[in-house]
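These notes are about the structure you will find just below.
It should be emphasised that the depicted structure is a prediction, and the values quoted were computed from it without experimental measurement.
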Amino acid sequence: QVQLQESGPGLVKPSQTLSLTCTVSGGSITTNYYGWSWIRQPSGKGLEWMGVIAYDGSTYYRPSFKSRSSISRDTFKNRFYLQLNSVTPEDTAVYYCNAHHMVLNSDYWGQGTQVTVSS
């Protein structure tokens, strides 16, 4: 019963940095074979995987996000984070955190949080 909950600002100004938190319960973010991802969905569009931090702390990003995204974690708080720099209105979306077990092929999702980029 892994549970995830996103939190952060709902409104960010263009050119600023978006910082989101995913709080995890029911499982440790260091548990073997879990990947912890950020995924977003702009209005009317499909899900877009942004990046992941694996159970061993290694990170991987979709190439289009690599230059301005950073995923990190705090193992003591059992949280992981997304930082997205230089945001534009095109970054407006619902942002989800996700846990995927690479062996069991199971997924857990947060409820999502709406982020709007506007001045």
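One hydrophobic cluster, built from ILVMFWY side chains closer than 4.5 Å, holds both Leu82 and Tyr61. Cluster membership for Leu20 and Leu47, using ILVMFWY side-chain heavy atoms within less than 4.5 angstrom, is not shared. Hydrophobic clustering of Ile, Leu, Val, Met, Phe, Trp and Tyr side chains at less than 4.5 Å, counting indirect connections, unites Tyr55 with Val103. There is a path of hydrophobic side-chain contacts, each under 4.5 Å, that joins Ile29 to Tyr108.
Here the OG atom belonging to Ser69 is positioned 7.5 Å from the CG atom belonging to Asn85, to the nearest 0.5 angstrom. Atom-to-atom distance recorded for Ser25:OG and Gln3:CD is 4.5 Å, nearest 0.5 angstrom. In this structure, CG in Leu11 is found 10.0 Å from CD in Gln114, a value given to the nearest 0.5 Å. How far CG of Leu4 is from CG of Asp107: 10.5 Å, rounded to the nearest 0.5 Å. Atom CD of Gln83 and atom CD1 of Ile71 lie 11.0 Å apart (nearest 0.5 Å). Atom-to-atom distance recorded for Leu84:CG and Arg68:CZ is 4.5 Å, nearest 0.5 angstrom.
For the pair Ala99 and Val2, the tightest heavy-atom approach, listed with the atom from each and the gap, is CB-CG1, 4.4 Å. The two atoms that bring Cys97 and Glu6 nearest to each other are N-OE2, 2.9 Å, heavy atoms only. The minimum heavy-atom distance linking Pro9 with Leu18 is given by the pair CG-CD1, 4.1 Å.
Counting heavy atoms from C-beta on, the side chains of Tyr96 and Cys22 never come closer than 4.5 Å. Within the 4.5 Å cutoff, side-chain heavy atoms of Tyr95 are placed close to those of Thr113. Looking at Ser58 and Ile53, their side chains never come closer than 4.5 Å, going by heavy atoms from C-beta outward. Using a 4.5 Å cut-off on side-chain heavy atoms (C-beta onward), Met50 and Arg62 make no contact. Looking at heavy atoms from C-beta onward, Thr88 lies out of side-chain contact with Pro14 at the 4.5 angstrom threshold. Put simply, the side chain of Thr23 does not reach to within 4.5 Å of the side chain of Phe80, judged on heavy atoms. Asp91 places none of its side-chain heavy atoms less than 4.5 Å from the side chain of Val115. For the pair Asn105/His100, a side-chain contact is recorded, criterion being any heavy-atom separation below 4.5 Å from C-beta on.
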Give the C-alpha distance, both sets of side-chain angles, the deciding distance and a yes or no for side chain to side chain contact (heavy atoms under 4.5 Å, CB included) between Trp36 and Val24.
CA-CA 10 Å; Trp36 307 88; Val24 178; 3.7 Å; yes
Residues Lys13, Val87; criterion side chain to side chain contact (heavy atoms under 4.5 Å, CB included); working and verdict:
CA-CA 8 Å; Lys13 295 180 179 180; Val87 299; over 6 Å; no
Decide yes or no on side chain to side chain donor-acceptor pair (under 3.5 Å) for Ser37 and Asn98, but give the supporting numbers first.
CA-CA 5 Å; Ser37 291; Asn98 165 277; 4.6 Å; no
As a quick check of understanding, evaluate side chain to side chain contact (heavy atoms under 4.5 Å, CB included) for Gln41 and Glu48, giving each step before the final call.
CA-CA 6 Å; Gln41 185 172 36; Glu48 183 178 42; over 6 Å; no
Checking Thr116 against Ser118 for the side chain to side chain donor-acceptor pair (under 3.5 Å) test, could you report, in this order, the C-alpha distance in whole Å, the side-chain angles of both residues, the deciding distance, and whether it holds?
CA-CA 6 Å; Thr116 299; Ser118 177; over 6 Å; no
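Looking at Arg73, its side chain never comes within 3.5 Å of a backbone N or O of Arg79 through a donor-acceptor pair.
Across Thr30, Thr31, Asn32, a single residue satisfies side chain to side chain contact (heavy atoms under 4.5 Å, CB included) together with Tyr34, and that is Thr31.
Ring pair Trp38/Phe65: centre-to-centre distance not below 6.0 Å.
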